[in-house]
2 protein chains.
Amino acid sequence: MLVAQRKDFLLARLDRDRRVVAKDVAAELGVSEDSVRRDLRELAAAGLCQRVYGGALPASPAVADYGTRRAVEVDSKQRVAAAAAALIRPGSTVILDGGTTALAVTRALPAGLEATIVTHSPTVVAALAGHPSVEVYVLGGRLFRHSMVACGAAAVEAAQVVHADVFLLGVTGVHPDAGLTTGDADEAAMKRALAQRAADTYVLASTEKIGAASRFAVLPLSAVAGVITDASSQDETVRRLSADGVPVLPA
Amino acid sequence: MLVAQRKDFLLARLDRDRRVVAKDVAAELGVSEDSVRRDLRELAAAGLCQRVYGGALPASPAVADYGTRRAVEVDSKQRVAAAAAALIRPGSTVILDGGTTALAVTRALPAGLEATIVTHSPTVVAALAGHPSVEVYVLGGRLFRHSMVACGAAAVEAAQVVHADVFLLGVTGVHPDAGLTTGDADEAAMKRALAQRAADTYVLASTEKIGAASRFAVLPLSAVAGVITDASSQDETVRRLSADGVPVLPA
DNA sequence: AAAGAAGAACGAGGAGAAACGTGCATGCTG
DNA sequence: CAGCATGCACGTTTCTCCTCGTTCTTCTTT
């Protein structure tokens, strides 16, 4: 069996079962678990699946999924979120993206922080209800259920009135060549518009994002003030980012 | 069963049942209660749920708030919400106000309803996540934490682009003389702006609202197409409303 | 209504098993 | 022979379950 063939098989299985268990597939295909793991690792690096302990899950949540919530790489996201929250100075204005990692940032905010947070994610808004000292500004527009954020022309327009100090950007992929990528074209446009409205853009990049690439480009890496990640500084991708002059902020 | 998958399962259960009992899930999945507790602990740490003795509840404080407030007149609100939901025709565009009764309307929507819902309440948006067939449009603006809705000049302006068939209006008081009232001036202005953008405005009036009056006027009763209430038609206030020519729709 | 006892749930810590990534040797292909 | 995919061995990390002592809830007793 050829490598590419085996990877196709894995992706087909992910589509069908919404999960893959390395051990089972190895037995089924008559190859070692090592090979399966290697394949899954490479597929994950390409953004085609999410690697988890024991196997892999589809890259994008299932159709009828629970909004933006996904229970993968939970503590990695937490570390990144904590580092991002530490960037927020009292009194500053911050644009907060949608997505699980951004949601984790709301959790990591110090109690009593006085700041203004602008977001296009109703989920983030709901999470900020617990921070009475934070002023919240919602960007409206058509709701993209896939990721539970407001997108589209109206949302982009609404964003034009904002002047923020920092934009905390969530993406699906951070790749030395492909730059910052995400799975939806409209979302990418929205993120781009938000990046223009902030002095500095920082990328929230939990480990599974590092080295991955999705279908739609958001921004080149040169456009951001830093990539916040808890991936090891020894990581191949992280080294390439640093070599290319992209500031990497360890979480 | 993969770890990440199990966590996803827990989140799905939280969405479906609004709670999770550690012991039950452990039995259902065939793992130890320890493992379930550990998962819940981690999810809670990531802000994806709220840990309580015996299990977990959904994360959003807004929802938790809803949980505490809904104890008031829960049946009444549900009946009113059901009657309001029945007013929504497939294919129509509806503006849905904020507040607990409006939230109850989202729960009363028939599954698979194809309609467009416009709202300025992130909480309502979050609740609509479970209705994939409904198109959602969010009105942005400054967030009023008191009632968790977007208000202010920007929100009023954003509302100007909407043309809806029905506006389901929530108020704190429905009084024969004082008309429709609410507790906040900006909220009142927002509600007024929304009423102008819909062909018909219906008032969501659970029993405790009938005969009550708050500090700020929203609209005169003559401006609405109907008051939806489950208060008895023998009720003094209801009789006066009817006598004044206000259509009262029994829930 | 307050106090106390019984039971359930809890977090911490440890042992064992499973999965992991890496380095290296093997074998196939061009 | 060069290049690459593969499988094995190894040390490491992660997960699960179990035990133990603590905390919380509830029921009973006063």
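Computation of the quantities below employed the complete heavy-atom set of this structure, encompassing side-chain atoms and omitting hydrogens, waters and symmetry-equivalent molecules. All values reported here derive from a predicted model rather than from experimental measurement. The sequence lines fix the lettering, A, B, ..., with proteins before strands; numbering per chain opens at 1.
No salt bridge links Asp165(A) with Arg89(A); every basic N to acidic carboxylate O contact stays at or beyond 4.0 Å.
A sub-4.0 Å separation between OP1 or OP2 of dG11(C) and a side-chain N or O of Arg41(B) is present. Distances shown here put every side-chain N or O of Arg51(B) at or beyond 4.0 Å from the OP1 or OP2 atom of dA9(C).
Whole-Å rounding puts the Lys7(B) NZ to dT14(D) C1' distance at 11 Å. Atom CD in Gln5(A) sits roughly 15 Å away from atom P in dA5(D) (whole-Å rounding). Taking atom CZ on Arg37(A) and atom C1' on dT13(D), their separation rounds to 12 Å, with Å as the unit. We find that CD of Glu42(A) is positioned 14 Å from C1' of dT22(C), with the value rounded to whole Å. Regarding Leu2(B), its CG atom lies at a distance of 14 Å from the C1' atom of dT16(D), rounded to whole Å.
Residue pairs meeting the side chain to side chain donor-acceptor pair (under 3.5 Å) criterion with at least one member in residues 168-181 of chain A, sequence neighbours excluded, are Thr172(A)-Ser214(A), Asp177(A)-Arg240(A).
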Task: Sugar-phosphate or base contact per nucleotide [nucleotides 17-26 of chain D; S, B, -; heavy atom under 4.0 Å] - done: BBB----BS-

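Side-chain proximity of Lys23(B) to the nucleotides dG21(C), dA9(C), dT16(D) is greatest for dA9(C).
The backbone N or O of Leu128(B) lies less than 3.5 Å from a partner atom in the side chain of Arg145(A), making a donor-acceptor pair.
Among Thr182(A), Val149(A), Leu139(A), the one residue that satisfies the side-chain contact (heavy atoms from CB on, under 4.5 Å) test with Met190(A) is Leu139(A).
Counting non-hydrogen atoms under 4.0 angstrom, Val52(A) reaches the backbone sugars and phosphates but no base.
Of all the heavy atoms in Val105(B) and Ala84(B), the pair that sits closest is CG2-CB, 4.1 Å.
With sequence neighbours excluded, the residues forming a side-chain contact (heavy atoms from CB on, under 4.5 Å) with Phe216(A) are Ala185(A), Ala188(A), listed by chain and number.
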